[in-house]
Amino acid sequence: MAAPSFGNEEVAVCVGVLVYSKREQKCLLKESKRTEGWWFPFVCEPHLLKHFSELANEILDDLKLGPSVKVDTMIRINHVICPPARLRMMNIIFLVTYSGPVSLVDCTEGCQWFGLKELGAMKEPGLLSPEPLELLTLLENGEPMSMDFEEMVLPLTEMDAIPELDNHIEQLLAAGKLCFEEQRNILDEFLVACHPCIVMNLANFTLYMSAHGIPEADCTAHFRAFDVRRRRYLDFGDFLYGLAAMQPCTPHGALAAELRCRYIFRYYDSNEDDKMEFAEFKNMVHDIRSKKGLPCDKESVDNEASEHARVFGDETKTSLELMAFLRAVGQLKFRGTSSLFRLPKASGQRSGDAEKPDTEVSSDDDNDEESRGAKRKRTTSHNKTLRMTHRIKGLIGTATVSQSSDSDTAGVIFKSPDVRSRVLSNSSQGSSAVYELATHSVKVKRSGILSDVRTLWDMTGTSAVSGSIEIKPEDKTKMGRVSSVDSFDSKSHPNEMLHGLRYFERSANGSGKKKNFDWGNVDMVSLAKCLLSLCRDVEKLFREEKRLVRLKAPTYILGDLHGNFHDLICFEKAFWRAGPLLTPCSFLFLGDYVDRGEHGLEVVAYLFSQKILAPDKFILIRGNHELRTVQEMFTFKTECCKKFGKTVGKQIWESVNACFDSMPVAALVDNKIFCAHGGIPSPDTGFKSLSDINSIPVPLKDVEKESKLAWELMWNDPVKLELLSDEVKEDLDSSSGFFFNTRRGTGHMFTCKALEEFLHSNNLSHVVRAHEVQQAGFQVLQKGQLLTVFSSSGYCGGSNEAACILADRMKLRTIRLDTS
């Protein structure tokens, strides 16, 4: 059956059947003739003309399994929507249990029975999607098959219809001139190429790329570059963004260059170890020489690769890491990458369309350092593309502050300090005081030196600032750098732990060599005793605190850390190197200290130690990962047992969680800034005023059952209106602005209307929360009254920055931290 023409259909329905032999634990799959790979037997309908079960029974009739074989139940619905393109797709899978021997089945042509072992060993073209393997695994494990509904919003962006671009990816699309029309054309090609699925395997990727001028031998490397999450399948976002990076017109400068270089690095990292071995580096040098028309014999390539390898640092290494590669390309020490990872011609053009004139692209080989950050001239006869190009030039050409590492002057960045006195009077902190956003966002190196300063106005159009807020440049002045002071030491448990963590952080030479972020020869039994002692002391402190902790500015507010001890130490060195007792600020942490990262225990040990040393300056509130049930699904419990053994590790895990059970759940800065891990509570919790939070019981072991209010403070999210259907928006207009959080499966999402009502009724100006990763480390949204902060860079292998927020002098200043 031919694949439907997705470009002309508003609704496309695909029904598949998972025929499962319980006796032999195998499922029946059919080889697709239209696309490369195996999948469930299926049938497609361009419109909702028949009942889904009727279509499933038609498939069974074609398979000739016998009259006794009937459809059992619907087990999966994949609902794919693309609001800008008015496209909707539904993939429905039914379970059919077959009780007879598979050897007696006269399979329809192209069908074959597979068990888990055969699926795991399947050769190319392999499966069209991972669903047969996932579902067969569930069936073989005897897990109950309940109906699973998943909704996906395809990332088409109407860039010509909006005044700014929301994130780095959208900037990449615009830099590659993939406007809405081109994106829609690519979507059509993608859906046809991987029909009937909504993900693309290597075989179909190879067919597509070969047809677009990429040699078949190179397609595996391109697939590896596109497969950012290493899932072995590409969704439409993976596919679209990879093509954007490969466009002939995508400039190899500023932000686009960094994103392209990440793709290039993955392209040559053939063993996927996140390092480029010297042999892989030589392959890159070979390709650069080939693009330049230079000799590519082994001796020439070896000599140039050895020469270039010196630009990545003085230390002799056997492999090259991503950040070193990005720095060398960005500083023009390593040239030639602009010609790599390119398509022969632009994507998204319909056959017969007139060719758009090529944009002049500035190569990294053609520019000196003075002109590197300058706006590039582009010529085109297409007005829409021209308007978009002008916007991109303004977004990726942001200026940076040039400064010497020895200078005492940080540069022109802040408003004049005489606007408000540093020590505010009681009246200025009363109900009449109103916070406002600071003009600038600063980036700080580990050493405490400012490495980058940008106004929020300059960052409008990135993921950091939404389009609902208008920011204007303000007067600027200079800010000096404050010298650090060595912290004091004692034999108390907290300082012993901090001393041990200093050892853990650093490498050690000599006979007993130790890598950094490793405990080396430390007696782990003694370490466990010290940590248990800390837990006993800090649990008492948490129990004595209000559930809603009140602080005064200046206060640094940090978001999710997720076991990223490296970044936590970077924050320390930048903001409280002398220790919290000698720092004129408080420090508020918004939860999610563990899971996903490797060093959750070290993060907890550090924070508990500082809490004991400065209980009124180090404030810790609880996030949704400070829950036993969540940790058992992720990594923290396993981490405890791995580091201390099963018995002691479980004791440590229980003691740490007993502390989490007593943690506060919200904080209030200057009676104006409400802070929680997730978001504001819905009326369903019975919440009336902030005082209700202090009624939450202590300790709180089973949060979901014992306090719905605490649960929503940990789990709620702000709504993203662009992802909602018109029907849902209409319902929200007539409601209180809350609806069920389908993305997380619990809690609520809240609108700008709900936020404004919460702020007004509690005499607040802003809400600061964490809970969601942000590319810039922070995001300003909902008319500038809501800030999300995330303080763990490179989250789950990504490229996001770490950030914090400083509440001071009636300003909320966003600070991005250079953790490299």
Side-chain angles (χ1 to χ4, degrees), residues 168-169 172 175 218 220-230 241-242 244-246 250-292 301-342 361-367 369 372-373 396 400 443 445-446 451-452 516 566-567 775 793-802 818-820:
H168 293 175
I169 291 299
L172 179 63
D218 297 340
T220 299
H222 282 89
F223 186 87
R224 180 171 60 246
F226 280 44
D227 188 16
V228 178
R229 291 165 288 181
R230 294 180 180 173
Y241 307 147
M246 291 186 70
T250 301
H252 200 70
L255 174 63
E258 178 185 339
L259 296 176
R260 274 184 35 78
C261 282
R262 291 177 183 273
Y263 281 96
I264 292 169
F265 189 91
R266 288 192 296 271
Y267 179 94
Y268 289 100
D269 181 19
S270 57
N271 60 356
E272 298 184 273
D273 63 349
D274 297 321
K275 296 178 182 178
M276 198 182 296
E277 317 298 336
F278 188 64
E280 297 167 341
F281 180 67
K282 286 197 295 185
N283 291 336
M284 181 191 295
V285 173
H286 174 279
D287 291 349
I288 292 175
R289 291 181 64 86
S290 176
K291 297 288 185 182
K292 292 181 177 180
V301 171
D302 287 352
N303 290 339
E304 184 167 346
S306 299
E307 182 69 24
H308 280 318
R310 298 174 187 172
V311 309
F312 297 104
D314 297 330
E315 184 182 352
T316 302
K317 296 181 179 180
T318 58
S319 60
L320 173 64
E321 295 181 349
L322 173 62
M323 294 310 299
F325 176 66
L326 294 178
R327 280 196 297 271
V329 175
Q331 296 169 5
L332 300 181
K333 293 180 179 179
F334 182 68
R335 299 169 179 262
T337 53
S338 62
S339 61
L340 302 176
F341 202 68
R342 296 284 188 186
V361 178
S362 296
S363 161
D364 57 357
D365 304 314
D366 302 328
N367 292 288
E369 291 195 45
R372 183 158 180 81
I396 64 178
T400 58
K443 191 171 185 177
K445 289 187 176 180
R446 292 179 59 177
S451 65
D452 183 31
N516 58 344
H566 170 273
D567 282 13
Q775 186 64 30
S793 66
Y795 181 65
C796 292
S799 60
N800 67 286
E801 295 182 284
D818 184 350
T819 59
S820 60

**Q** Taking only residues two or more places apart in sequence or in another chain, which ones pass side-chain contact (heavy atoms from CB on, under 4.5 Å) with S270?
**A** R224, E280
**Q** Taking the six-membered ring for Trp, are H222 and Y263 ring centroids under 6.0 Å apart?
**A** no
**Q** Which atom pair, heavy atoms only, marks the closest approach of P251 to A256?
**A** O-CB, 3.3 Å
**Q** How many angstroms lie between CZ in R266 and CG in D274, if you round to the nearest 0.5 Å?
**A** 9.5 Å
**Q** Does any non-hydrogen side-chain atom of R327 lie less than 4.5 Å from one of E321?
**A** no
**Q** Using 30° and 60° as the class limits, which term best fits the ring planes of F334 and F281: parallel, tilted or perpendicular?
**A** tilted
**Q** So, T250 side chain and M246 main chain: donor-acceptor pair closer than 3.5 Å or not?
**A** no
**Q** Which heavy atom of F226 sits nearest to which heavy atom of G242, and what is that distance?
**A** CZ-C, 3.3 Å
**Q** Check whether any side-chain N or O of R260 sits under 3.5 Å from a backbone N or O of R342 as a donor-acceptor pair, and report yes or no.
**A** no
**Q** Do side-chain atoms of Q775 reach the backbone of S799 as a donor and acceptor pair under 3.5 angstrom?
**A** yes
**Q** Can you tell me how far apart CG (L326) and CD (E258) are? Round to the nearest 0.5 Å.
**A** 5.5 Å
**Q** First locate atom CZ of R230, then atom CD of E272, and finally report the distance between them rounded to the nearest 0.5 Å.
**A** 5.0 Å
**Q** So, taking the atom named CD in E801 and the one named OG1 in T819, what distance separates them when rounded to the nearest 0.5 Å?
**A** 8.0 Å
**Q** Please tell me if the side chains of D287 and Y268 come closer than 4.5 Å, counting only heavy atoms from C-beta onward.
**A** yes
**Q** Test side-chain contact (heavy atoms from CB on, under 4.5 Å) on Y267 and D218 and set out the steps.
**A** CA-CA 9 Å; Y267 179 94; D218 297 340; 3.7 Å; yes
**Q** Check whether F265 forms a cation-pi arrangement with R262 (NZ or CZ under 6.0 Å from the six-membered ring centre, at most 45° off the ring normal).
**A** no
**Q** Quick one: does H252's side chain get under 4.5 Å of C261's, heavy atoms only?
**A** yes
**Q** Taking all atoms of both residues into account, what is the closest heavy-atom pair of V329 and T337, and its distance?
**A** CG1-OG1, 3.8 Å
**Q** Check whether any side-chain heavy atom of I288 sits under 4.5 Å from a side-chain heavy atom of L340, and report yes or no.
**A** yes
**Q** Kindly compute the distance separating CG (D273) from OG (S319), expressed to the nearest 0.5 Å.
**A** 7.0 Å
